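Positions are given from 1, in the same order as the sequence printed here. These numbers come from a predicted model, not from an experiment.
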Amino acid sequence: MTDNNIFGNTKRFNDSIELINKLETPRFQKILSRVVNKIGHKNERIFTESEENILQNLFKITSSEFKGILECCSFIFEQTAYYSLSPNNLVNQLKKTMLNDDKTSCFQSIWEDNSESVLNFLRTQSIAPLQLNEIGWRLHYQMSSSTAIKRNASAIMELDFKTDNSNNNTNNNNNNNNNNNNNNNNNNNNNNKNSDKMILEFNKEQLLEFYNKLESIQEKLDTLA
């Protein structure tokens, strides 16, 4: 685990930490409970607009300040999940920030209760918008002479990517009337996955360099498996 401060030291982050320190601890802990359960759920609001207005008035803060607090808390949990920190290691990292001890204890308690479910959910999610679906390749020759063929040979690699929109479509379907379910299911079968292709050309040296990088990536993955 890194010895550096994984949360950084930006002005925006520190300004939000300063606001968090001023919040009532019991109410702040309830906010964290909502935040942690939305980690990895893209395009989902943590609070409704009416709830946000109530909380802003309750804490006597502006809309932008409340947004900064939510983003800061989300960032802390996202970094915690990325590094798979234990609750105690999370405390050690938060001690490198300006966060008060009572608020640090809130993060520790919430992460201790929710880390397993959050990490399990994130393991099912892709962090990239495109996922590799299929790889094709062929050799390309510049046909002029036997010498030229050997010198100008290159490898053409075709990568087929897919985007999976099933989660978004499922969320949309849940909001539709039951009468429209059959039509929506038919549309989902056609629209859940879209494909995109990328064509790459390598000479011998470039292909060797690419291969070596893939080997390094594989070694890193093996150490984490």
Side-chain angles (χ1 to χ4, degrees), residues 1-8 13 16-17 19-21 23-52 54-56 58-59 66-97 99-132 162-176 184 188 192-193 220-225:
M1 214 281 295
T2 179
D3 293 328
N4 297 326
N5 177 7
I6 64 173
F7 305 121
F13 178 83
S16 295
I17 290 293
L19 289 170
I20 289 173
N21 287 334
L23 301 180
E24 297 178 27
T25 300
R27 285 172 173 162
F28 175 67
Q29 185 148 352
K30 292 180 180 180
I31 289 177
L32 286 184
S33 295
R34 294 286 289 270
V35 171
V36 76
N37 286 315
K38 292 297 183 180
I39 299 301
H41 295 264
K42 300 176 183 178
N43 302 321
E44 290 189 24
R45 293 181 66 117
I46 298 174
F47 294 99
T48 64
E49 187 175 351
S50 60
E51 287 175 329
E52 289 183 359
I54 293 172
L55 290 170
Q56 290 163 26
L58 186 65
F59 293 128
F66 186 67
K67 180 181 178 182
I69 288 172
L70 294 181
E71 289 178 348
C72 179
C73 294
S74 296
F75 174 70
I76 288 174
F77 281 129
E78 287 166 359
Q79 288 293 91
T80 302
Y82 177 81
Y83 287 100
S84 299
L85 298 184
S86 68
N88 288 336
N89 283 334
L90 171 58
V91 170
N92 292 336
Q93 283 292 324
L94 289 174
K95 285 181 177 179
K96 300 175 184 179
T97 71
L99 192 67
N100 291 346
D101 289 343
D102 59 331
K103 302 304 189 300
T104 296
S105 296
C106 289
F107 276 101
Q108 180 185 25
S109 175
I110 294 297
W111 186 242
E112 190 169 16
D113 292 340
N114 295 275
S115 59
E116 183 176 358
S117 60
V118 170
L119 292 175
N120 286 339
F121 174 77
L122 291 176
R123 290 188 185 102
T124 67
Q125 305 301 300
S126 173
I127 62 174
L130 296 177
Q131 302 173 39
L132 185 61
K162 66 178 180 179
T163 57
D164 193 341
N165 299 319
S166 56
N167 290 336
N168 291 336
N169 287 328
T170 301
N171 291 334
N172 291 334
N173 288 339
N174 290 335
N175 295 326
N176 290 332
N184 289 336
N188 287 340
N192 276 354
K193 294 181 179 180
K220 295 291 184 182
L221 290 176
D222 289 340
T223 62
L224 297 174

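- Legend: residues meeting ring pair (Phe, Tyr, Trp, His ring centres under 6.0 Å) with Phe75, ordered by chain and number and at least two apart, are absent.
- For Lys38, the salt bridge (Lys or Arg N to Asp or Glu O under 4.0 Å) criterion is met by Glu44, not counting sequence neighbours.
- The two residues Gln29 and Ser109 make their nearest non-hydrogen contact at NE2-OG, 3.5 Å.
- Separating the CG atom in Asn100 from the OG1 atom in Thr25 is a distance of 8.0 Å, to the nearest 0.5 Å.
- Residues Phe13 and Thr97 are in side-chain contact: their nearest non-hydrogen atoms beyond the backbone lie under 4.5 Å apart.
- A heavy-atom distance below 4.5 Å is found between the side chains of Ile76 and Leu90.
- In this structure, the side chains of Arg45 and Glu52 come closer than 4.5 Å at one or more pairs of heavy atoms.
- Scanning for side chain to side chain contact (heavy atoms under 4.5 Å, CB included) contacts around Ser86 gives Asn88, Asn89, with sequence neighbours left out.
- Of the inter-residue distances, the one linking Leu32 atom CG with Lys103 atom NZ reads 10.0 Å to the nearest 0.5 angstrom.
- Here the options are Leu119, Leu94, Leu85, the test is side-chain contact (heavy atoms from CB on, under 4.5 Å), and the partner is Thr80; only Leu85 passes.
- Residues passing the side chain to side chain donor-acceptor pair (under 3.5 Å) test with Gln79: none are found, sequence neighbours excluded.
- In plain terms, the two heavy atoms of Ser16 and Gly68 that are nearest each other are OG-O, 3.2 Å.
- At least one side-chain heavy atom of Phe7 sits less than 4.5 Å from a side-chain heavy atom of Gln93.
- Take Glu51 and apply the salt bridge (Lys or Arg N to Asp or Glu O under 4.0 Å) test, not counting sequence neighbours, and it matches Arg34.
- Every residue meeting the ring pair (Phe, Tyr, Trp, His ring centres under 6.0 Å) condition with Phe28, not counting sequence neighbours, appears here in chain and number order: Phe107.
- The heavy-atom pair separating Lys96 from Asn4 by the smallest distance is NZ-O, 3.5 Å.
- Asn92 meets the side chain to side chain donor-acceptor pair (under 3.5 Å) test with no other residue; sequence neighbours excluded.
- Atom-to-atom distance recorded for Ile46:CD1 and Ser33:OG is 12.0 Å, nearest 0.5 angstrom.
- In this structure, the separation between SG on Cys106 and CD1 on Ile31 is 10.0 Å, given to the nearest 0.5 Å.
- Expressed to the nearest 0.5 Å, how far CG of Leu122 lies from CD of Glu78 amounts to 8.5 Å.
- By the side chain to side chain contact (heavy atoms under 4.5 Å, CB included) test, Glu116 pairs with Asn120, sequence neighbours left out.
- Applying the salt bridge (Lys or Arg N to Asp or Glu O under 4.0 Å) criterion to Glu24, with sequence neighbours excluded, gives Arg27.
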Check against side chain to side chain contact (heavy atoms under 4.5 Å, CB included), Leu19 and Phe66:
CA-CA 9 Å; Leu19 289 170; Phe66 186 67; over 6 Å; no
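- Heavy atoms from other residues, nucleotides or ligands lying under 6.0 Å from CZ of Phe121 number more than 12.
- Scanning for side chain to side chain contact (heavy atoms under 4.5 Å, CB included) contacts around Ser115 gives Trp111, with sequence neighbours left out.
- Closest non-hydrogen pair, Val118 versus Val36, comes out as CG2-O, 3.6 Å.
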Verdict with supporting geometry, Cys73 and Ile20, side chain to side chain contact (heavy atoms under 4.5 Å, CB included)
CA-CA 9 Å; Cys73 294; Ile20 289 173; 3.9 Å; yes
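- Evaluation of the side chain to side chain contact (heavy atoms under 4.5 Å, CB included) rule for Asn37 yields Asn114 as partners, not counting sequence neighbours.
- Rounded to the nearest 0.5 angstrom, Ile69 CD1 and Gln56 CD are separated by 9.5 Å.
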